[in-house]
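Sending over a structure as structure tokens; questions will come in a sec.
Each chain gets a letter, A, B and so on, in the order its sequence line appears, and its residues count up from 1. Given the structure is predicted, the values throughout are model-derived calculations rather than measurements.
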Number of protein chains: 2
Amino acid sequence: MSTRRPPAQLSRRERQILDVLYQRGPSTAAEIQAGLPDTPGYSAVRALLRILEDKGHIRHQERGARYVYTPKVSLEKARRSALAHMIQTFFDGSPEQAMTALLDASAGDLSGEELDRLAELIAKARKEGR
Amino acid sequence: MSTRRPPAQLSRRERQILDVLYQRGPSTAAEIQAGLPDTPGYSAVRALLRILEDKGHIRHQERGARYVYTPKVSLEKARRSALAHMIQTFFDGSPEQAMTALLDASAGDLSGEELDRLAELIAKARKEGR
DNA sequence: TCGCGTATGCTAAATTTTTAGCATGTCGAC
DNA sequence: GTCGACATGCTAAAAATTTAGCATACGCGA
């Protein structure tokens with residue numbers, strides 16, 4: 001009986017755990033624990049994982065005697081969802097504004113090659129758009 | 001006595017309220033209420049607003065007899081914070097990946113002019129970077 | 001002025017979330 | 001086999017969050 005809620009409706013720890021799983025990929029309870037802020041106890045993490053699983057957000061596979069947890073929503077989908085939510089919340093729904101801010105924030109971190117690749121993507125989108 | 005926590009540490013409703021405030025700008029309690037999922041009662045919203053204010057996340061101004069609430073962290077800063085968190089969580093810390101995904105998700109929505117402007121920003125960053 | 005609609009101040013209870021810990025199981029080293 | 005380290009299953013209590021509602025105040029229109 002899954003009662004999966006959209007990301008905006010997750011409780012604090014639920015959200016933190018899913019973030020850790022997306023960030024580092026399929027993980028054991030101990031690995032997830034290590035990635036959480038204000039590190040809770042091991043049994044606290046496990047209890048939360050079972051709740052997340054009961055709610056349909058994650059599943060586990062048994063690797064030997066230990067469980068490896070994975071989100072049910074793929075990384076690709078979660079990315080899109082996070083992007084959409086962020087654009088809607090902070091950028092008036094405007095992808096351009098989001099990209100501008102992203103460029104402003106990251107320009108110093110992007111290599112020449114990366115910028116070139118992005119330029120190419122934009123040129124391609126430009127050509128296909130018109 | 002402010003005890004402001006980073007965004008990742010906010011409870012469900014705290015986070016929803018801040019999202020509404022960033023999305024729609026300074027708002028009254030009734031306006032915030034209208035923007036929340038699973039709309040809580042008016043007095044529930046007000047109690048939460050007082051908690052958020054006690055914790056130092058928001059402040060209010062009196063406009064006539066009613067309060068207008070504003071986040072303490074500016075939109076600009078919140079944008080950066082949200083971007084950074086999203087890049088770290090879903091894109092291995094890679095801004096390029098984030099931009100690629102953003103372009104993929106949004107290419108159909110961007111006008112020719114918007115794409116041109118983005119191309120220009122990238123060209124400028126390219127020139128300044130190297 | 002009065003009444004109504006809507007506001008805030010405040011409290012505490014209801015609900016949800018988070019946590020700890022016991023019982024038991026597994027695996028590898030000795 | 002025994003022991004220790006670490007695992008899961010499960011429960012329930014502690015803690016945090018969310019909610020409702022009373023008392024009072026304010027503004028506006030009749």
Side-chain angles (χ1 to χ4, degrees), chain A residues 1-21 24-72, chain B residues 1-21 24-72:
Chain A
M1 179 48 42
S2 289
T3 54
R4 201 161 77 192
R5 297 151 88 184
Q9 298 262 63
L10 295 172
S11 74
R12 179 171 70 101
R13 285 291 192 202
E14 286 173 338
R15 183 158 170 266
Q16 286 168 355
I17 286 175
L18 279 170
D19 278 358
V20 169
L21 282 173
R24 53 172 304 149
S27 311
T28 62
E31 285 164 346
I32 290 160
Q33 182 192 19
L36 290 172
D38 289 334
T39 311
Y42 185 67
S43 60
V45 174
R46 289 181 302 106
L48 287 162
L49 287 166
R50 183 168 38 249
I51 287 159
L52 277 169
E53 189 158 12
D54 288 347
K55 289 186 178 181
H57 291 288
I58 62 173
R59 66 176 184 270
H60 74 261
Q61 286 166 303
E62 296 180 29
R63 191 170 68 190
R66 77 186 53 184
Y67 288 5
V68 175
Y69 296 91
T70 301
K72 282 246 187 105
Chain B
M1 175 55 37
S2 292
T3 54
R4 203 160 76 189
R5 297 151 91 183
Q9 298 262 61
L10 295 171
S11 73
R12 179 172 67 99
R13 284 292 194 200
E14 287 174 337
R15 183 159 169 265
Q16 285 169 355
I17 286 175
L18 279 170
D19 279 0
V20 169
L21 281 174
R24 55 174 301 152
S27 310
T28 62
E31 285 163 347
I32 291 161
Q33 181 191 20
L36 290 172
D38 289 335
T39 311
Y42 185 65
S43 62
V45 174
R46 291 182 300 109
L48 286 162
L49 287 167
R50 184 170 38 247
I51 286 161
L52 276 170
E53 188 158 12
D54 288 347
K55 289 185 180 181
H57 291 289
I58 62 174
R59 65 176 186 270
H60 74 260
Q61 287 166 304
E62 296 180 27
R63 193 172 66 189
R66 76 186 51 183
Y67 289 5
V68 175
Y69 295 89
T70 301
K72 281 248 186 102

Is it the case that B:D38 and A:Q9 place a side-chain donor and acceptor less than 3.5 Å from each other?
yes
Can you tell me how far P of C:dT15 sits from CG of B:L48, to the nearest Å?
16 Å
Of the options B:Q16, B:E53, B:R13, which is the one that meets B:L48 in a side chain to side chain contact (heavy atoms under 4.5 Å, CB included)?
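Checked B:Q16, B:E53, B:R13 against B:L48; only one passes side chain to side chain contact (heavy atoms under 4.5 Å, CB included): B:R13.
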Answer with base, sugar-phosphate or nothing: what part of the nucleic acid does B:S11 contact at a heavy-atom distance below 4.0 Å?
sugar-phosphate
May I ask you to say what A:R46 touches in the nucleic acid, namely base, sugar-phosphate or nothing, with a heavy-atom cut-off under 4.0 Å?
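If one applies the 4.0 Å heavy-atom cut-off, A:R46 turns out to touch a base.
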Is a donor on one side and an acceptor on the other found under 3.5 Å between the side chain of B:Q61 and the backbone of B:Y67?
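Absent.
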Consider the side chain of B:A44, meaning its heavy atoms from C-beta on, and name the nucleotide among C:dA7, D:dT19, C:dA20 that approaches it most closely.
D:dT19
Whole angstrom is fine here: how far is it from CD1 in A:I51 over to P in C:dT16?
12 Å
B:A47 has a side chain; which of C:dA20, C:dT11, C:dT6 sits nearest to it?
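The nucleotide sitting nearest to the side chain is C:dT11.
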For A:K55 and C:dT16, is the shortest distance between a side-chain N/O and OP1 or OP2 below 4.0 Å?
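So the side chain of A:K55 is outside the cut-off, no N or O lying under 4.0 Å from OP1 or OP2 of C:dT16.
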Which nucleotide, C:dT19, C:dT8, D:dA7, lies nearest any side-chain atom of A:A30?
D:dA7
Between A:Y67 and B:Q9, which has a closest nucleotide on DNA chain D that is more 5'?
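Mapping each residue to its closest nucleotide by heavy atoms, the 5'-most match is A:Y67.
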Starting from the 5' end of DNA chain C, give me the residue, B:T28 or B:R50, whose nearest nucleotide shows up first.
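The residue whose closest nucleotide sits nearer the 5' end is B:T28.
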Compare side-chain N and O positions of A:Y42 against OP1 and OP2 of D:dT8 and report whether any pair is under 4.0 Å apart.
yes
Length of the CG-P vector between A:L49 and D:dC10, whole Å
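Distance check: A:L49 CG to D:dC10 P gives 15 Å.
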Between B:L10 and B:G41, which has a closest nucleotide on DNA chain D that is more 5'?
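Going by which nucleotide is closer to the 5' end, it is B:L10.
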With a 4.0 Å limit, can you tell me whether B:R5 has a side-chain N or O closer than that to the phosphate oxygens OP1/OP2 of D:dT17?
yes
Interatomic distance, B:R66 CZ vs D:dT24 P [rounded to whole Å]
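Rounded to whole Å, this separation is 22 Å.
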On DNA chain C, check which nucleotide each of A:A65 and A:D38 is closest to and give me the residue with the more 5' one.
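The residue whose closest nucleotide sits nearer the 5' end is A:D38.
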Do B:S27 and B:V68 come within less than 4.5 Å of each other through their side chains, counting heavy atoms only?
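With C-beta onward as the side chain, the pair stays apart.
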Kindly say whether B:P37 contributes a backbone atom to a donor-acceptor pair with the side chain of B:T39 at under 3.5 angstrom?
no
Atom CD of B:E14 and atom P of C:dT17 are separated, to the nearest Å, by 14 Å
Interatomic distance where CD belongs to B:Q61 and P belongs to C:dT8 [whole Å]:
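Distance, rounded to whole Å: 14 Å.
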Just how far is it from atom CD1 of B:I32 to atom OH of B:Y42, taken to the nearest 0.5 Å?
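Reported to 0.5 Å precision, the distance equals 9.5 Å.
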Under-4.0 Å side-chain N/O to phosphate OP1/OP2 contact, A:R13 with C:dT19
yes
Measure CZ/A:R15 against P/D:dT17 and give the value in whole Å, please.
14 Å
Taken to the nearest whole Å, CG/B:D54 to C1'/D:dA16 is 15 Å
